[in-house]
Amino acid sequence: EKARDLAQNDYRYWANLAEMYALIPEKRDAARGVFQRAIELAEQQRTRDPGNVALLNRLANCYAYLNEPDRASALIEQALQTAPGDVQLRFGAAKVFSTIGSIPRGIEMLEQALRGGYSFEEALTSEPLEPLRIRPSAVPRRLPGTVTPVRFPSQSSFRPCIPAVW
């Protein structure tokens with residue numbers, strides 16, 4: 001909430017606040033309005049800087065959270081065309097595609113991000129990537145080049161796995 005006071009017209013602060021609200025059960029209802037404010041500000045910024053990949057990524061993420069998959073997908077694809085080698089963008093795209101339910105495309109982007117050196121630990125813990133994590137009952141022990149089950153010793157149950165690229 002301090003971010004809102006510090007940067008009334010910066011879409012990044014509003015998007016950050018909205019994402020945090022979306023993770024807090026008591027704040028989820030408020031998240032929608034905050035995402036809408038982030039989108040409003042980001043769209044204004046986009047008119048001045050239409051090729052800004054970080055802005056397109058963040059805007060796509062906001063639309064994804066608001067369940068607007070067509071807009072989210074179009075924006076993230078535009079960003080991917082603009083910066084095809086950007087590993088951070090690939091990770092952001094994985095989150096967008098995961099959020100809108102485009103699981104195969106999300107896995108593809110996550111694999112590319114990890115191959116490019118993106119943090120495996122972040123991929124394991126990023127909340128928006130949960131739909132990309134596959135439960136062991138859903139797949140054989142190993143699909144070559146696709147998934148590798150991951151077991152965490154501190155937990156008794158089998159944990160989700162993510163695309164294997166290591």
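As the structure is a computational prediction, the values presented were derived from the model and not from experiment.
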Donor-acceptor contact present, side-chain [X] to main-chain [Y], <3.5 Å:
X	Y	value
Ser126	Glu122	no
Thr47	Gln44	yes
Arg90	Glu108	no
Trp14	Gln36	no
Ser102	Ser98	no

Taking all atoms of both residues into account, what is the closest heavy-atom pair of [X] and [Y], and its distance?
X	Y	value
Phe97	Ser73	CE2-OG, 3.9 Å
Cys62	Ile39	CB-CG1, 3.5 Å
Arg46	Leu55	CB-CD2, 3.7 Å
Phe120	Leu114	CA-CD2, 3.8 Å
Ala54	Tyr11	C-OH, 4.3 Å
Pro50	Leu56	O-CD1, 3.8 Å

Let me see the working for Asn9 and Arg37 under side-chain hydrogen bond (donor to acceptor under 3.5 Å, both in side chains), right down to the final yes or no.
CA-CA 9 Å; Asn9 296 313; Arg37 178 66 177 151; 3.3 Å; yes
Determine, for Arg58 against Glu19, whether the closest basic-nitrogen to carboxylate-oxygen distance falls under 4.0 angstrom.
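Yes, Arg58 and Glu19 are salt-bridged.
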Under 4.0 Å between a side-chain nitrogen and a carboxylate oxygen: does that hold for Glu43 and Arg48?
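Salt bridge between Glu43 and Arg48, a charged N being under 4.0 Å from a carboxylate O: no.
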If you measure from [atom1] on [X] to [atom2] on [Y], what distance do you get to the nearest 0.5 Å?
X	Y	atom1	atom2	value
Leu23	Arg28	CG	CZ	7.0 Å
Arg105	Leu110	CZ	CG	12.5 Å
Lys95	Ile100	NZ	CD1	14.5 Å
Arg12	Asp10	CZ	CG	4.0 Å
Leu129	Met109	CG	CE	13.0 Å
Tyr21	Ile24	OH	CD1	8.0 Å

Are Leu80 and Val53 close enough, and set up right, to give a side chain to side chain contact (heavy atoms under 4.5 Å, CB included), and what steps lead you there?
CA-CA 8 Å; Leu80 289 166; Val53 200; over 6 Å; no
With a 4.5 Å heavy-atom cut-off, do Ile76 and Leu89 have their side chains touching?
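Side-chain contact under 4.5 Å: yes.
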Met20 reachable from Leu66 in the ILVMFWY side-chain graph, under 4.5 Å edges
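In one cluster: no.
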Return yes when atom CG of Asp29 has more than 12 non-hydrogen atoms of other residues, nucleotides or ligands closer than 6.0 Å, and no otherwise.
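Counting neighbours around CG of Asp29, 12 or fewer heavy atoms of other residues, nucleotides or ligands fall under 6.0 Å, so no.
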